[in-house]
Each structure stands twice: as structure tokens, then as C-alpha cells.
Amino acid sequence: MAEILVLVDHVDGAVRKPTLELLTLARRLGEPSAVFLGPGADSATEVLGRYGARKVYVVDAPEVDEYLVTPAVDTLTQLAERTGPAAILLPSGPDGKEIAARVALRLGSGLITDAVDVTAGPEGPVTEQSAFAATYQVTAHVTQGVPVITVKPNAAAPEAAPADPVVEKQDVTFGPASHAVRVLSRTPRERGDRPELTEADVVVSGGRGVNGAENFALIERVADALGAAVGASRAAVDAGWYPHSHQVGQTGTQVSPQLYLAAGISGAIQHRAGMQTSKTIVAVNKDADAPIFELADHGVVGDLFAVLPQLVDEIERRRS
Amino acid sequence: MKIVVCVKHVPDATADRTFSEDGTTDREAVDSLLSELDEYAVEQALRLSESDADAEISFLTVGPDDARDALRKALAMGGDAAIHVSDEDIEGSDAFGTSLVLAKAIERHGFDLVLCGMASTDGSMGVLPALLAERLGVPAVTHLEELAIEDRTVTGRREGEGATVRIQGALPAVVSVTDRSGDARYPSFKGIMAAKKKPVETLGLSDLGIEAAQVGRAGARSAVDTATRRPPRAKGEIVADEGTGGIGLAAFLTTKKFI
Ligand SMILES: Cc1cc2nc3c(=O)[nH]c(=O)nc-3n(C[C@H](O)[C@H](O)[C@H](O)COP(=O)(O)OP(=O)(O)OC[C@H]3O[C@@H](n4cnc5c(N)ncnc54)[C@H](O)[C@@H]3O)c2cc1C
Ligand SMILES: Cc1cc2nc3c(=O)[nH]c(=O)nc-3n(C[C@H](O)[C@H](O)[C@H](O)COP(=O)(O)OP(=O)(O)OC[C@H]3O[C@@H](n4cnc5c(N)ncnc54)[C@H](O)[C@@H]3O)c2cc1C
């Protein structure tokens, strides 16, 4: 079976969940080979193997952290030339998409971005994408070269398939493009105790109706009662009530959790673009005509400052 | 400084957008406009020109006849001139076809800085700036929330995955900016009138030395098999809160096993 190159998304060797989803999808297409850039491969190998990586290619060069995007492009292009993979999978996101596009251009390959599913087809991988604020489902395939595909978080549930990976250190020649954009500083975002937005099974979001940074404590209380990540509309983020890294929508994060709770959010098309594919959607809004109710499986027309505290109390009562 | 701003004409995101039978965007069905996310790139170009008397701003679009409207809108906001690349053979292009046409047009015009939006509001791939940089052989200083240019060096803040990074590259470069880079201005009446007199050059593939087979559906490296409308979500239960809305919500979440 042919190799499938999977670019590993990690923080100092801690592999992020979307990578496990990519390995799971890659097994449908061939034998996954994880491509690990930077330091920390030792601590990542076990989990990569657990999710089916047969090989782990390690490129630990200073360029990887010192320059943006292009060192990964040089790496994947050269590995693809050496190993002749049947496909290359990367996580969707600004970095993943830029890496993918440049790799595809260099390899003369087709590119598909933001796949929400990937399956094996007669002519190679078949992808599914959501289009136009998730009102359309598009299936597509690459017709030229090694298919390069970026996959959104939550496209598949990670399934373990233990393998004992061969770890191979690889040398890569970094061309001039790899020294073009220097990373002057990197400030990791604080990771609280709550799950990450893209990885959470439940997301509780607040909008303009939350009416103040201090009131987001109520959204956090609901989130904690449900073990959820906290999201926010752009209106709430622009007002400075919650950090931009929590923005859900077209220009924020696109989520697809089991449950999405929207409180004080009207449901503008750009917000819907980031949450419309959630399994179950519930909404609390005092305006019965708010478009968010068109999506809601259960909606409460009411004041969030009355409904949400009661919800938290009732969750606690039911649990005890 | 010679600035080229790439702007895309897209179907209105707030309208009911559809696909044609051949899997391409149906441009007839709804009104189109300048992609809202490209207004931020226009704005940054105009701000840069305010502190650089030699700045010369051109807007560039690739698209059918009516894509000219996007250029007019940008010119009404400011800038000097525009380039419209239009050719029947471009229809159905993928990201590689479009980036080839844009790159050739940019090279022909000359540039110190290419400014783009973070993504279009229709295809929303967010890859064109990286592809342009790769084709033009210049740095891609992308996805910036904040940028400054000094001594022919671009420095900016990029909100990356899990971290905020400060990045830097030398001109000539391709830069893309996000919707957090600064609110775009509205065209003034004076601006709208002035735009009518600004030159718009129209180019075809032959002006750029591109063969028809390199672009359009013929040159595309991927193909759409099906495009189907997602079934509307089943109508949910919407209840007015009469003092027990939170309890009712908890009961619903319990039936769905979230509690
Ligand atoms: C190019 C572009 C990109 C965009 N990207 C995004 C994006 O990524 N994410 C995003 O969210 N938006 C995005 N937007 C903005 C979007 O168009 C909306 O402006 C935004 O989503 C509105 O946020 P909101 O629903 O919180 O606010 P509003 O639309 O003002 O809605 C507030 C809601 O709260 C309700 N409310 C008020 N008080 C209460 C109360 N006490 N109890 C219950 N309900 C209450 C009101 O009835 C109202 O429905 C984008 C816009 C553009 C042009
Ligand atoms: C729903 C949908 C899904 C698609 N999926 C794929 C796919 O998976 N693979 C693929 O190869 N193609 C795909 N396409 C086609 C692709 O979107 C177009 O080829 C397009 O020209 C490039 O991508 P974009 O609009 O996503 O641009 P982006 O990369 O999102 O655009 C970023 C910036 O580039 C500039 N720009 C983009 N287009 C133009 C233009 N025409 N003129 C001037 N400046 C421009 C703007 O500054 C813009 O803000 C898809 C199209 C649609 C509508």
C-alpha cells in the first residue's frame, strides 16, 4: 500500500487532536507516515503510532521555528519526491493551508482545502467540503499529481490502530524561500482548563446580548457545567469582551461540535458559517425573530440572564 | 512604492448563493460585490499611501465583465488605477489557474508590495497570497492583524494557531491582512465621482502570455463531482420563556444525553 504523508500539528511534541483525525482518515487511503517538524518527536512517536503511523519522518532543524511556513514546504516537497506518496494530508488553518498550496504548486498537484471528509475512490481520494456558509456540500477529487488535501478539525473521530512506527530522521535542503519570512517572536496563547474550541464536543457561545466582559463569567459557568469550550460572536470580540481566539465564524474558528449553545447571538450568516454544521444547536435569545432560531433544535425566547442561571442550577440538580 | 491590491468580485454572502449545474459558482443568481474581506486590503494600501507621497496604488481583479464593479468600488475608496483581467478561457479556474493569471498581471505591472485579503468570501481557500508569493519568488507576510513598513521591510502580527507571532520579510513582498487590521473607509461622494475618471486597463490571456490550456476548466487540477444543497435543518422546538425556560432547556439536553 502506498504511503500517505500526514503533517503533524504539535506544540513541543504534544500532538494536537486534529492530527489523530488525519491519521484516521489517512488509513482509509493507504499507510500513514507522520511528518514531524521541530523538537519533541520522541514524546510524540507513541501517540502517532497508536493512531496508525507506520513511519515517523523527523526533521528537526532550526529553520522550522525561525521561519514561517516555507521550511515545512521544503520538507513536504522533498519527502514527497523521495517517497512517492498517494496523498498528502494537512490540518486546515492558516499555516496548513499555505503550506499545502505551495507544496501542491511545486509538485504540480491539485489542492483541496477545508475537507470535512475524505474517502477512498476509484481515482484516488474523494473529498467532501462545505460551501457557502455550510449551505452546500461539495464532493471533489484531484485530477493531477499527488492529491494535497487540508482537512478541518472534527472531520473524523480519531480511532486507534496501534502500529510500531519506524522513526527516520530526514535531511532537508532549505532553499532561499525558507529564509524569507522570519519569526521574530512567538507568544503562545494561554491555555485555560477548558477544552480547545476546535476540539470540544460542546461549545457555549455568547454574543452582543451578553452585554459586557464581566458577564462572560455566566457563559463560562454554563460552559463548565457542560464541559464545554467558550465561543463568542464577532460583535462580542470586537467589543473587547472576549479574546479573538474564541471567535466563531467565517473569520474566526469554524466548529462542528456535538452541541452548540448560542446565547445572545442573532445568527448572522458569517456567524452561521462557523457553526452551522454542529450536530445539535440550541439558542437563547430574547428576539423571537432572531435568525439563529432557524437553526435551533431547541430555542428559548427569553432573557439569557434569567435562562442561563436556571439552566446551570438545573444541570447541577439533575447531576446530584 | 508601487502597490498592487488584489480584489475579488464575489456573490453577496448575505444572499442565497447557489452552484450552477457544472459545479461552478452561479454568478447570475445573486448580486455580486467587492469581497468584504478585500476592503481591508484596500484600506491598508490607502493608509500606507498616506505616509508615502510616492505610493502608487493599482487594484487588480481577475473575473468576468461585471468584476469591473469591484474595481470601481475600490477606486471610489481611493487609489490611482486598476487592471481587469477578463477572458472566457479563465472561467472554471482553480487556485493554480487564478494565481497564474494574477502573478503574470502583477509581474507585467511591476510591484513593491502586493496586498490581498485573508480569504475570499466565496471560495474562502485563503491560499492565493501564498501562491502569488511562491510564483513571484518573494516573501509571503500573511494573515496580518497589524503591519508596518520601514526601510523596505514589512513587520506584522499574525494570529496563528495556538500562538501570536510577529513576522518580518523584505520588500518586494506579498502581504495579506485580516478583518482585524482596521475598519475600511466608506467611499465618499467625491471619491465615487473621482473613480469614474481613473484609468481601468483591460487585459486578456494573450496580453499575459498565458495559453488557454493552462487555466480555466482545462487547466484545473481538481474537479467537482457533486454540489448539493444541504437539507435544511429539521424545525426545532422554540419556546417562550415563562419562568422555566432554563429547566426546559436542561430537560432537552438530558434527552440528548448532554447531561
Ligand atoms: C466579512 C465579515 C466577516 C465576519 N465574520 C464573523 C465571524 O467570524 N463571526 C461572527 O460572529 N460574526 C462575523 N461577522 C459579523 C456578523 O455579520 C455579525 O455582525 C455578528 O455575528 C453579530 O454578532 P451578535 O449576534 O453577537 O450580535 P447582534 O447581531 O447584535 O445580536 C445580538 C443578539 O442578542 C440578543 N439579545 C440581546 N440581549 C439579550 C438578552 N439579555 N438575552 C437574550 N438575548 C439577547 C438580541 O435579540 C440579538 O439577536 C462578520 C462580518 C463580516 C462583514
Ligand atoms: C465553494 C468553492 C470551493 C472551492 N474549492 C477549491 C479547491 O478545493 N481547490 C481549488 O483549487 N479551487 C477551489 N475553488 C476555486 C477557487 O476558489 C478559485 O479558483 C479562486 O480563484 C481562488 O480561491 P479563493 O477565491 O478561495 O481565494 P482566496 O485564496 O481565499 O483569496 C485570498 C485573496 O486573494 C485575492 N484574490 C482571490 N481571487 C482573486 C481574483 N479572482 N482576483 C483578484 N484577487 C483575488 C484576494 O485578495 C483575496 O482576498 C473553489 C471555489 C468555490 C466557490
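Throughout, protein chains are lettered first and strands after them, A, B, ... in sequence-line order, and every chain is numbered starting at 1.
- Interface remark: Ile99(A) contributes no atoms to any contact with chain B (heavy atom separation under 4.5 Å).
- Both the backbone and the side chain of Ala133(A) come within contact range of chain B, judged by heavy atoms closer than 4.5 Å.
- In terms of non-hydrogen atom pairs under 4.5 Å with chain A, the most contact-rich of Ala170(B), Gly169(B), Ala234(B), Pro139(B) is Pro139(B).
- When each of Ile112(A), Val142(A), Thr187(A) is checked for heavy-atom pairs under 4.5 Å with chain B, Thr187(A) comes out on top.
- Neither the backbone nor the side chain of Ala273(A) comes within contact range of chain B, judged by heavy atoms closer than 4.5 Å.
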Trace of the side chain to side chain contact (heavy atoms under 4.5 Å, CB included) decision for Gln168(B) with Val154(B): CA-CA 6 Å; Gln168(B) 188 172 70; Val154(B) 190; over 6 Å; no

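- Looking at Lys279(A), the atoms closer than 4.5 Å to chain B (heavy atoms on both sides) all sit in the backbone: N, CA, C or O.
- Only the side chain of Arg319(A) comes within less than 4.5 Å of a heavy atom in chain B; its backbone stays farther off.
- Ranked by heavy-atom pairs under 4.5 Å with chain B, the list Ala180(A), Ser185(A), Ala101(A) is led by Ser185(A).
- Put simply, of Thr178(B), Thr244(B), Asp241(B), Val141(B), the one with the most heavy-atom pairs under 4.5 Å next to chain A is Asp241(B).
- Considering only heavy-atom pairs separated by less than 4.5 Å from chain B, the leading option among Ile315(A), Leu259(A), Thr70(A), Val307(A) is Leu259(A).
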Step-by-step side-chain hydrogen bond (donor to acceptor under 3.5 Å, both in side chains) determination, Asp9(A) to Thr19(A): CA-CA 6 Å; Asp9(A) 181 10; Thr19(A) 300; 5.1 Å; no

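- With respect to chain B, the highest number of heavy-atom pairs below 4.5 Å among Gly302(A), Ser109(A), Ala177(A) belongs to Ser109(A).
- At a 4.5 Å heavy-atom cutoff, the contact between Arg106(A) and chain B is made by side-chain atoms alone.
- Contact count against chain A (heavy-atom pairs under 4.5 Å) is highest for Ala163(B) among Ala163(B), Gly236(B), Ala119(B).
- Side chains of Asp297(A) and Thr280(A): no donor on one and acceptor on the other come within 3.5 Å.
- Contacts of Met125(B) with chain A are made by both backbone and side-chain atoms, with heavy-atom separations under 4.5 Å.
- Listed here is the closest heavy atom pair of Leu218(A) and Phe305(A): CD2-CD2, 3.8 Å.
- Residues Pro147(A) and Pro125(A) approach most closely at CG-CD, 3.8 Å, considering heavy atoms.
- The pair Lys8(B)-Asp122(B) meets the salt-bridge criterion, with a side-chain N (NZ, NE, NH1 or NH2) lying under 4.0 Å from an Asp/Glu carboxylate O.
- Judged purely by distance below 3.5 Å, without hydrogens or angles, the side chains of Tyr67(A) and Arg182(A) pair a donor atom with an acceptor atom.
- For Leu128(B), no part lies under 4.5 angstrom from a heavy atom of chain A.
- Here the closest non-hydrogen pair linking Asp89(B) and Ala212(B) is OD2-CB, 3.5 Å.
- Of the two parts of Asp95(A), the backbone and the side chain both hold a non-hydrogen atom closer than 4.5 Å to a non-hydrogen atom of chain B.
- For chain B, the option among Arg186(A), Arg102(A), Glu314(A), Gln144(A) with the highest count of heavy-atom pairs below 4.5 Å is Arg102(A).
- Looking at Gln137(A), both its backbone and its side chain come within 4.5 Å of chain B, counting heavy atoms on both sides.
- With respect to chain A, the highest number of heavy-atom pairs below 4.5 Å among Thr121(B), Leu253(B), Ile247(B), Val127(B) belongs to Ile247(B).
- Ring geometry for Phe252(B) against His298(A) counts as parallel: the plane angle stays under 30°, on a 0 to 90° scale with 60° as the upper cut.
- At a cut-off of 3.5 Å, with distance as the only test, a side-chain donor of Asp12(B) or Thr14(B) sits close to an acceptor on the other residue.
- In summary, the side chains of Ser320(A) and Glu316(A) do not present any donor paired with an acceptor at a separation below 3.5 Å, with no hydrogens or angles considered.
- Residue contact with chain B, scored on non-hydrogen atoms closer than 4.5 Å, involves the side chain of Ile269(A) exclusively.
- Counting all heavy atoms, side chain and backbone alike, Thr24(B) lies closest to Gly92(B) at CG2-CA, 4.3 Å.
- With a threshold of 4.5 angstrom between heavy atoms, Glu242(B) does not approach chain A through any atom at all.
- Contact check on Arg158(B) versus Glu98(A) returns a salt bridge, with a Lys/Arg side-chain nitrogen under 4.0 Å from an Asp/Glu carboxylate oxygen.
- Looking at every heavy atom in both residues, Ser266(A) comes nearest to Pro291(A) through O-CD, 3.1 Å.
- At a 4.5 Å heavy-atom cutoff, the contact between Leu111(A) and chain B is made by backbone and side-chain atoms alike.
- Looking at Phe258(B), the atoms closer than 4.5 Å to chain A (heavy atoms on both sides) sit in the backbone and in the side chain alike.
- In this structure, the portions of Ala140(B) lying under 4.5 Å from any heavy atom of chain A include both its backbone and its side chain.
- Salt-bridge annotation for Arg189(A) and Glu159(B): present, with a side-chain N of the basic residue lying under 4.0 Å from a carboxylate O of the acidic one.
- For chain A, the nearby part of Thr254(B) is the side chain; its heavy atoms alone come within less than 4.5 Å.
- There is a side-chain donor-acceptor pair under 3.5 Å between Thr139(A) and Thr226(B).
- For Asp238(A), the part sitting under 4.5 Å from any heavy atom of chain B is the side chain, from C-beta outward, and nothing else.
- Interface remark: of the candidates Asp179(B), Thr25(B), Val138(B), Asp179(B) forms the most heavy-atom pairs closer than 4.5 Å to chain A.
- The parts of Ala251(B) that come within reach of chain A are both its backbone and its side chain, each placing non-hydrogen atoms under 4.5 angstrom from that chain.
- A salt bridge links Asp16(B) to Arg229(B): one of the charged nitrogens lies within less than 4.0 Å of a carboxylate oxygen.
- Using a 4.5 Å cut-off between heavy atoms, Val282(A) contacts chain B through its side chain alone, with no backbone atom that close.
- Comparing Val202(A), Val183(A), Val181(A), Thr113(A) by how many heavy-atom pairs each has under 4.5 Å with chain B, the most go to Val181(A).
- Contact check on Glu196(A) versus Arg16(A) returns a salt bridge, with a Lys/Arg side-chain nitrogen under 4.0 Å from an Asp/Glu carboxylate oxygen.
- At a 4.5 Å heavy-atom cutoff, Val312(A) makes no contact with chain B through either its backbone or its side chain.
- For Ser99(B), no part lies under 4.5 angstrom from a heavy atom of chain A.
- Of the atoms belonging to Thr150(A), not a single heavy atom falls under 4.5 Å from chain B.
- For the set Pro232(B), Ala227(B), Gly160(B), the count of heavy-atom pairs under 4.5 angstrom toward chain A peaks at Ala227(B).
- The side chain to side chain contact (heavy atoms under 4.5 Å, CB included) test with Ser93(B) singles out one residue from Val62(B), Leu100(B), Val101(B), Thr98(B), and that residue is Thr98(B).
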